[in-house]
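Structure first, then comments.
Note on naming: letters A, B, ... go to the chains in the order of the sequence lines (proteins, then strands), and numbering restarts at 1 for each one.
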There are 2 protein chains.
Amino acid sequence: MAATLKDVASKTGLSIATISKYVNGQTIKQENKEKIDAAIKELNFKINYIAKGLKSNKSMTIGVLIPELENVFATHIMSRVEDTLMNSGYSTIICDYKNDTDLERQKLSFLLNRQVDGIIAVPTHLSKDDLAGLEIPIVLIDRIIDGVNCDCVLVDNKDASFSAVEYLINKGHRDIAIISGPKDVYTARERTLGYIDALVQYSIPLNESYIFHGNYDTQSGYNLTMDIINMQKRPSAIYVTNNEMTIGSVIALNECGVDIPNDISFIGFDNIDFAKVTKPNLSIIVQPRDEIGVTAANLLIEKIHDPDTEKRVIKLKTSLIKQASVSIRK
Amino acid sequence: MAATLKDVASKTGLSIATISKYVNGQTIKQENKEKIDAAIKELNFKINYIAKGLKSNKSMTIGVLIPELENVFATHIMSRVEDTLMNSGYSTIICDYKNDTDLERQKLSFLLNRQVDGIIAVPTHLSKDDLAGLEIPIVLIDRIIDGVNCDCVLVDNKDASFSAVEYLINKGHRDIAIISGPKDVYTARERTLGYIDALVQYSIPLNESYIFHGNYDTQSGYNLTMDIINMQKRPSAIYVTNNEMTIGSVIALNECGVDIPNDISFIGFDNIDFAKVTKPNLSIIVQPRDEIGVTAANLLIEKIHDPDTEKRVIKLKTSLIKQASVSIRK
DNA sequence: CTGTTAGCGCATTCAA
DNA sequence: TTGAATGCGCTAACAG
């Protein structure tokens with residue numbers, strides 16, 4: 001059995017309260033300090049966070065809700081979230097909902113039942129009703145939900161697309177295809193809007209047949225790229241809007257012998273490691289994944305410490321890494 | 001504030017003990033049952049797992065330790081682990097150690113300090129010393145550590161390689177390259193051994209220059225494949241031994257216009273989705289990821305319920321999915 | 001600076 | 001069946 005404060009107390013002859021105070025950072029007579037340290041080491045005493053939690057009504061654990069544990073974008077962020085929280089003494093319970101609407105609710109309530117002190121979620125179908133009236137702070141990533149008092153960490157998706165498409169336009173491209181995500185997903189809608197904005201701003205007629213909607217997985221990136229390759233009037237550039245679809249798209253182009261950038265220019269999304277591997281390296285929109293994770297974790301911690309802080313929506317900038325996958329079109 | 005047993009008790013006029021018993025499944029007078037149900041609903045009472053944990057000395061949470069949250073193989077398994085544990089009422093604290101030896105120990109002790117009821121780990125550098133003498137059950141995945149009383153879930157890595165290479169040999173290949181993992185990693189050693197075994201068994205001379213050691217990431221798969229492509233005497237087949245390196249390898253082959261399977265035959269590893277995307281579909285060794293996760297979780301739960309069970313080592317079979325990426329060599 | 005005491009929410013005796 | 005009482009390990013007054 002693990003040693004308790006009581007054990008340390010009786011070993012040292014001091015009282016439980018004194019040990020507790022010392023362990024929690026209050027000042028103590030030097031002499032006692034040493035006695036306690038010795039006893040702690042000898043008994044291998046560890047603080048019992050359960051008991052502590054019962055007393056303080058805090059579990060020192062945070063729940064995290066993500067679409068899928070195989071989603072590299074999400075897990076990268078979670079990795080930073082976990083580190084940041086751990087440095088503040090929190091542990092992290094990660095739940096994934098496998099892109100399933102019912103599971104999303106179910107796992108949320110699982111976390112809620114677990115006395116977590118806060119939640120960080122990358123929601124897909126959660127609505128106001130699911131989140132209103134909760135007693136603990138919640139930070140949302142990647143999507144804002146109106147009418148609910150949750151902090152948010154977003155990236156400027158519209159601007160991301162805008163800058164990618166603008167870059168292509170400035171290189172002389174006018175026939176630009178976009179492989180976007182599902183129409184009912186917030187990020188996908190925003191990314192499509194940015195694409196349209198750029199075309200409008202540069203007075204390039206919008207060609208609906210250049211707008212493709214995948215479902216953010218590798219296969220759909222592959223399939224839609226095949227469709228693009230086989231188009232009557234093939235665009236001179238493709239802009240792909242997430243990690244997995246970028247891989248699928250490159251595979252398709254490679255397989256068909258469509259050369260990047262001579263036959264087609266290419267801008268991908270998110271997959272920075274992958275972009276470095278291909279030749280030529282891919283131009284790519286990168287999201288500040290580390291910053292997203294750290295920011296979300298910090299927002300949550302602050303909100304826990306001071307629940308009255310105003311709702312904050314942090315919008316982070318993406319950046320466009322320009323590499324050799326885009327050619328000049330005359 | 002959340003309602004407690006006490007609140008339900010005073011609302012119903014019954015005692016705390018009775019409510020507790022009912023909530024935990026003991027039989028109760030029908031009449032009271034209804035009263036309690038009503039009160040629970042009205043007060044939105046939820047069991048407090050912290051208090052319960054203090055009493056029972058169980059936290060109902062399991063710690064999970066993985067190399068990296070971006071490792072798709074690991075996270076897929078964890079996804080199944082999490083589901084399985086949740087169905088038994090456990091929550092899951094996932095920690096990743098970013099492939100760092102110090103962090104690996106550090107996060108392990110973080111979990112140990114957290115009153116988890118058990119741990120599931122995918123270890124890299126943990127040794128007997130780190131695991132000996134722990135008071136809670138531990139299940140290891142992917143690697144066995146001698147002299148320690150931990151259950152293990154492994155796959156037969158040697159056999160996996162053997163069957164891949166044997167298949168190539170039966171197709172007439174004799175010059176077969178392997179892209180294996182780091183020499184100090186258990187799975188990589190086993191996979192290399194299986195490769196060698198197959199050659200030996202079929203009396204094919206071992207060519208050391210066909211054995212490559214990457215570090216299990218996309219970039220090294222790409223680089224080593226480039227090396228292979230540029231070899232004086234290029235092998236007629238490549239066998240790549242993990243998920244990420246398989247992607248890197250295919251990218252390299254595609255970029256150099258090396259046709260699969262006409263110019264080179266190819267067998268990959270793990271990446272079943274990716275294998276379906278490429279044309280031709282890749283032949284691939286697949287590990288039973290779902291089964292690994294479920295098995296590990298079940299082993300742990302059983303061990304928690306009955307700590308005296310003998311140490312068990314479960315070795316699961318991989319399978320070889322045969323697709324068009326391997327050609328017959330005369 | 002230290003010790004005494006009460007109580008966090010629950011499960012579990014033991015009586016009734 | 002039900003209830004009163006006790007304690008899990010810890011923190012937070014308060015008193016010394």
* **Any B/Ser15 side-chain nitrogen or oxygen under 4.0 Å from OP1 or OP2 of D/dG3** => yes
* How close or far is atom P of D/dT2 from atom CG of B/Leu5, stated in whole angstroms? -> 15 Å
* To do: To the nearest Å, give me how far apart NZ (B/Lys6) and P (D/dG3) are.
  => 16 Å
* To do: Could you check A/Ile136, A/Asp151, A/Val139, A/Thr295 and say which one makes a side-chain contact (heavy atoms from CB on, under 4.5 Å) with A/Leu300?
  => A/Val139
* State whether A/Asn48 places a side-chain N or O below 4.0 Å from either non-bridging phosphate oxygen (OP1 or OP2) of D/dC8. => no
* **Residue pair B/Val155 / B/Lys315, side-chain heavy-atom distance below 4.5 Å** => no
* For B/Ile50, answer base if it contacts any base atom (sugar-phosphate contacts may also be present), sugar-phosphate if it contacts only those atoms, and nothing otherwise; contact means non-hydrogen atoms under 4.0 Å. => nothing
* Asked: Closest nucleotide of DNA chain D for B/Gly13 versus for B/Ala51: which of these residues is on the 5' side?
  -> B/Gly13
* Asked: Heavy-atom distance under 4.5 Å between the side chains of A/Asp96 and A/Lys107, does that happen here?
  -> yes
* Asked: Would one find a side-chain N or O of A/Lys52 under 4.0 angstrom from OP1 or OP2 of D/dT11?
  -> yes
* Of the listed nucleotides C/dT2, C/dA11, D/dG9, the one nearest the side chain of A/Asn32 -> C/dT2
* **Phosphate contact (D/dC10 OP1 or OP2) by A/Ser20 side-chain N/O below 4.0 Å** => no
* Asked: Has the side chain of A/Lys21 got a donor or acceptor that lies under 3.5 Å from a partner of the other kind on the base of C/dG3?
  -> yes
* Asked: Atom CD1 of B/Ile16 and atom C1' of C/dG7: how far apart are they, to the nearest Å?
  -> 12 Å
* For B/Ile28, which contact category applies under a 4.0 Å heavy-atom criterion: base, sugar-phosphate, or nothing? -> sugar-phosphate
* Would you mind checking if B/Glu104 and B/Lys98 are paired as a salt bridge, meaning a charged N to carboxylate O distance below 4.0 Å? => no
* How long is the line joining CG of B/Asn24 and C1' of C/dT13, in whole Å? -> 15 Å
* Asked: Using a cut-off of 4.0 Å on non-hydrogen atoms, how would the nucleic acid contact of A/Ser56 be classed: base, sugar-phosphate, or nothing?
  -> nothing
* Measure from CG on A/Asn57 to C1' on C/dG9 and round the result to the nearest Å. => 10 Å
* Asked: Is B/Phe45 touching bases, backbone alone, or none of the nucleic acid, heavy atoms closer than 4.0 Å?
  -> sugar-phosphate
* NA contact type, A/Leu54, heavy-atom cut-off 4.0 Å: base, sugar-phosphate, or nothing? -> base
* To do: Please determine if B/Glu291 and B/Arg80 form a salt bridge, counting it only when a charged side-chain N lies under 4.0 Å from a carboxylate O.
  => no
* Structure fact -> Atom NZ of B/Lys46 and atom C1' of C/dC10 are separated, to the nearest Å, by 17 Å
* Taking only Lys NZ, Arg NE, NH1 and NH2, and the carboxylate oxygens of Asp or Glu, determine whether B/Lys58 and B/Asp117 approach each other closer than 4.0 Å. => no
* Asked: What nucleotide among D/dT11, D/dG3, C/dC10 has an atom nearest to a side-chain atom of B/Ala17?
  -> D/dG3
* Asked: Is any side-chain N or O of A/Lys55 under 3.5 Å from a base N or O of C/dG7, one able to act as donor and the other as acceptor?
  -> yes
* To do: Check the distance between C/dC10's P and B/Lys58's NZ and give it to me in whole angstrom.
  => 18 Å
* To do: Examine D/dG3: is either OP1 or OP2 under 4.0 Å from a nitrogen or oxygen in the side chain of B/Thr18? Give yes or no.
  => yes
* Structure fact -> In whole angstroms, the gap separating C1' of C/dG3 from OH of A/Tyr22 amounts to 19 Å
